[in-house]
Asker: 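What follows is a structure written as structure tokens; I'll ask about it next.
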Amino acid sequence: MMDRGLPGYFSEEGSAETVNARIGPGADARLAEVMAALVRHLHAFIKDVELTQAEWEQAIGFLTRTGQICDDTRQEYILLSDVLGASMLVDAINNRRPPGATENTVLGPFHVDGAPRYEMGADISLAGGGERCLFEGRVLDLDGNPVAGATLDVWCDNEDGFYDVQQPGVQPAFNNRGVFTTGADGRYWFHGIRPVSYPIPDDGPVGQLLGQLGRHPYRPAHMHFIVAAEGFETVVTHTFVARDAYLLSDAVFGVKQSLIANFVAAEGGEAQWRSEFDFVLVREGSP
Ligand code: BEZ
Ligand code: FE
């Protein structure tokens with residue numbers, strides 16, 4: 001018979017229960033619930049794989065390097081959460097929406113506050129290059145009514161797959177970024193470039209892990225949007241370029257079928273491509 005150990009002493013079999021029994025009566029109830037579950041799952045995982053001492057040391061080394069590479073602009077832990085699918089799972093749990101509403105996806109590390117506010121029709125590409133594209137559509141409520149005064153905060157990479165903040169001094173600040181506000185008809189339209197697929201930052205421990213797992217670091221081409229309007233839930237999302245080679249293997253699992261947008265060859269005018277996409281917002285407080 002397996003030794004269950006004396007109450008209060010640590011044993012392999014009763015390990016999680018022993019640790020969780022130490023949580024005191026004064027602990028915050030939610031913290032106690034979350035930490036007890038974490039300990040249960042962590043201990044079950046260690047038992048499941050029979051973690052070796054060397055593997056435990058590797059894990060500690062990996063987490064240490066992950067922390068050491070973080071600074072004001074680089075957040076390797078969020079990247080780790082992204083490639084493990086954890087970011088998308090938290091997002092899914094916290095942004096359940098009715099059918100027909102625009103779905104969320106991962107924010108990513110390249111959003112910046114304070115992008116220029118433009119009139120509709122402006123060009124967010126400040127550097128030229130790339131394939132010209134007109135982005136247009138409507139912001140609607142679930143009944144199909146236009147939402148006036150909605151802001152669309154948009155950003156994407158350049159033709160080489162880099163955001164402006166990754167190339168200071170190479171790209172102009174706020175290249176391929178802008179904020180637009182809808183009028184009474186809920187319509188938006190702006191010019192930019194057709195985004196391209198790119199690798200997530202893979203020169204750190206997370207990139208190394210992907211390599212060791214035989215996973216590539218690429219994201220399918222996408223345009224980021226944060227769509228916000230008074231009285232509505234804010235949508236943090238992207239539109240993905242249809243038929244991109246990485247749609248089914250996004251390194252951070254951000255693709256949802258409903259977010260895939262057609263990019264069609266534009267006829268006449270200055271744009272080479274046109275991508276039309278409507279955003280449908282849910283009223284705050286709706287069930
Ligand atoms: C992005 O789409 O910008 C992104 C998202 C997650 C990780 C890295 C980049
Ligand atoms: Fe992105």
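Numbering of ligands and ligand atoms starts at 1, following listing order. We're numbering straight along the sequence, starting at 1.
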Asker: Tell me, do V83 and R215 make a side-chain contact under 4.5 Å, heavy atoms counted?
Answerer: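 Sidechains of R215 and V83: in contact.
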Asker: Charged N to carboxylate O under 4.0 angstrom, E103 versus R97?
Answerer: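 The answer is no: the pair does not qualify as a salt bridge.
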Asker: With a 4.5 Å cut-off on side-chain heavy-atom distances among I, L, V, M, F, W and Y, is there a chain of contacts connecting F253 to Y218?
Answerer: no
Asker: Salt bridge check: are R74 and D203 linked by an N-O gap of less than 4.0 Å?
Answerer: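 Judged by the 4.0 Å cut-off on N to carboxylate O distance, R74 and D203 do form a salt bridge.
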Asker: Which class fits the ring pair F279 and Y188: parallel under 30°, tilted 30 to 60°, perpendicular over 60°?
Answerer: tilted
Asker: Regarding H238, does it place an N, O or S atom less than 2.8 Å from the Fe ion (ligand 2)?
Answerer: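 So H238 does not count as coordinating the Fe ion (ligand 2).
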Asker: Could you walk me through whether V235 and N104 pass side chain to side chain contact (heavy atoms under 4.5 Å, CB included), step by step?
Answerer: CA-CA 6 Å; V235 173; N104 254 43; 3.9 Å; yes
Asker: Please calculate the OH(Y198)-the Fe ion (ligand 2)-OH(Y163) angle and round it to 10 degrees.
Answerer: 100°
Asker: Are the ring centres of Y198 and H222 closer than 6.0 Å?
Answerer: yes
Asker: How about C156: does one of its N, O or S atoms come closer than 2.8 Å to the Fe ion (ligand 2)?
Answerer: no
Asker: Could you list each N/O atom of ligand 1 together with any protein N/O atom closer than 3.5 Å, one pair per line with the distance?
Answerer:
residue	atom	partner	partner atom	Å
ligand 1	2 (O)	Y198	OH	2.7
ligand 1	2 (O)	R219	NH1	2.5
ligand 1	2 (O)	H222	NE2	3.0
ligand 1	2 (O)	H224	NE2	3.1
ligand 1	3 (O)	Y198	OH	2.8
ligand 1	3 (O)	H224	NE2	3.2

